[in-house]
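Just below is one structure, and these are the notes that go with it.
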Number of protein chains: 2
Amino acid sequence: MASGQGRVLELAVLGSLHETPLHGYELRKRLNALLGMFRAFSYGSLYPCLRSLLAQGLIAEEQPAPSAIVGGRSKIVYKLTAEGKERLQDLLTQAGPAAWEDESFGVHFAFFRHTEAEVRLRILEGRRSRLEERLDSVRTALARTRERLDSYTLELQRHGLESVEREVRWLNELIATERRASSQEERPERDTTSTDE
Amino acid sequence: MASGQGRVLELAVLGSLHETPLHGYELRKRLNALLGMFRAFSYGSLYPCLRSLLAQGLIAEEQPAPSAIVGGRSKIVYKLTAEGKERLQDLLTQAGPAAWEDESFGVHFAFFRHTEAEVRLRILEGRRSRLEERLDSVRTALARTRERLDSYTLELQRHGLESVEREVRWLNELIATERRASSQEERPERDTTSTDE
DNA sequence: GCGTCGATGTATCGAGCCGATACATCCCGA
DNA sequence: TCGGGATGTATCGGCTCGATACATCGACGC
């Protein structure tokens, strides 16, 4: 149990290491640059995670090229193993309801390029329904509350609802784009001028 | 140490109990209605917190009116003690940098009505500078990254930056309103037509 | 040469918090 | 009368965080 939520860090590390081998310090910088807007990555969780991944054989230490040893400060560079790549694929494609959560969604989204359209749609829609549930539950709870709320609380509610609603709208656009892209892919009527990527 | 961040729950409970005595189950519902847009409150933290507050003498069990005992399901209603009210005031007025954090800010804001204008401004401005730091750090980290980012990552960045920028703008409005209100309070030139609250 | 300051780098600890879960009671409708 | 859903209290395992310790490197002034 408890295996669903907490594994996000693992996914984030595996995904980052997929591009290029990294050591802890720089890995943290990468993660904070990539996802710092949504959450902060700390050593207190990063290093234990690296150790665990190493023990599982999903990552491995990379010895530096012998010629470059001379001046280097001692650092431990990790790279993804073949098992690690498999695991990354599994984590990405088997993304369950845990992936719609606040802390997880951003990480999954950041590695969408490694996934299939079907998986992307599932995550996007799951995230959306999660947010809509939240919206509903807060709204009905608020409606039931007869007590008068002070202006600060009201403003907080207003702002919170607006933020979540905006997020839902963003998801709607992404879902629409995703659908358009995949239907076009099915029936590629050489419309050309598209696919500038 | 560790006394700054984690105490938010304590503040949330104390603040909720200030209005009216409550038992655990309903307390949780209140908190989720009030702040569910920003975070979720779970029993796993709520009950230990209640026990801790009880041990500190900040809350006390309230015995039901003897006439009402008959049909009631067993429940433990907590009320704020005098010490609890003091503590609540302290937590609110002595709000340090921990209060600008994501998880804490909403809770503090929800109880702004119990604070002085000076404290409110301090928290609002602190929160703003925290977000601006984050903006800076992510932006410079991104600028340094020479690698080409895929379109999903770019979209995530764009969305994240926009959200935080919007939050900063919201804070700016609140700060301006707060300043206007307090300067008007200092020099109350019977402009009237204001203070419709 | 020498001190020192900030960035780089690895690592751990205490403590808070969460999701899941177990139990038990009450109420209502089929 | 039987079951399901809301009400209610409580705990456990495990994840995560901020703070911190410790060490080295490069660059700067002097």
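Every chain is numbered from 1 and lettered A, B, ... according to where its sequence line falls, protein lines coming before strand lines.
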Exercise for the section: Rounded to the nearest 0.5 Å, what's the gap from CD on B:Q56 to OG on B:S52? Could you check? Expected result: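 Going from CD on B:Q56 over to OG on B:S52, the span is 4.0 Å.
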
Handout entry: A:S163 side, atom OG; A:H159 side, atom NE2 - distance, nearest 0.5 Å
Key =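 It is 4.0 Å, given to the nearest 0.5 Å.
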
Problem - 5′-ward residue of the pair B:E26/B:P48 relative to DNA chain D - result: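 Result: B:E26.
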
Handout entry: Between A:F109 and A:W100, ring centroids under 6.0 Å
Key =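 Between A:W100 and A:F109, which both carry aromatic rings, the centre distance is not below 6.0 Å.
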
Handout entry: A:R113 NZ/CZ over B:Y152 ring centroid, <6.0 Å and within 45° of normal
Key =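 Ring-cation test returns no.
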
Measure [atom1]/[X] against [atom2]/[N] and give the value in whole Å, please.
| X | N | atom1 | atom2 | result |
| --- | --- | --- | --- | --- |
| B:R7 | C:dG14 | CZ | C1' | 12 Å |
| A:L54 | C:dT10 | CG | P | 13 Å |
| A:H23 | C:dT10 | NE2 | C1' | 11 Å |
| A:D102 | C:dC18 | CG | C1' | 13 Å |
| A:L27 | C:dG9 | CG | P | 12 Å |
| B:L9 | C:dC18 | CG | C1' | 11 Å |
| B:F38 | C:dC18 | CZ | C1' | 20 Å |
| A:Y25 | D:dT24 | OH | C1' | 13 Å |

Taking only distance into account, with no hydrogens and no angle test, what donor-acceptor pairs under 3.5 Å do side-chain atoms of residues 34-47 of chain A form with protein atoms, sequence neighbours excluded?
unit_1, atom_1, unit_2, atom_2, d
A:R39, NH1, A:E103, O, 3.4
A:S42, OG, A:S45, OG, 3.3
A:S45, OG, A:S42, O, 3.2

Exercise for the section: Would you indicate, yes or no, if C:dT25 has its OP1 or OP2 atom less than 4.0 angstrom from a side-chain nitrogen or oxygen of B:K75? Expected result: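 Result: no.
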
Exercise for the section: Report yes if at least one side-chain N or O of A:R51 is closer than 4.0 Å to OP1 or OP2 of C:dT10; otherwise report no. Expected result: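 So the side-chain polar atoms of A:R51 never come under 4.0 Å of the phosphate oxygens OP1 or OP2 of C:dT10.
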
Practice task
State whether A:E26 and A:K29 are salt-bridged, where the test is any N-O pair (Lys NZ or Arg NE/NH1/NH2 against Asp/Glu carboxylate O) under 4.0 Å.
Solution key: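 Salt bridge flag = no for A:K29 with A:E26.
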
Exercise for the section: Using heavy atoms and a sub-4.0 Å distance, could you list which residues of residues 39-47 of chain A are near DNA chain D? By number, please. Expected result: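 Going residue by residue through residues 39-47 of chain A, the ones with a heavy atom under 4.0 Å of DNA chain D turn out to be A:R39, A:A40, A:S42, A:G44, A:S45.
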
Exercise for the section: Kindly indicate, with the supporting measurements, whether the criterion salt bridge (charged side-chain N to carboxylate O under 4.0 Å, His left out) is fulfilled by A:E116 and A:R122. Expected result: CA-CA 10 Å; A:E116 314 248 332; A:R122 182 153 44 88; over 6 Å; no

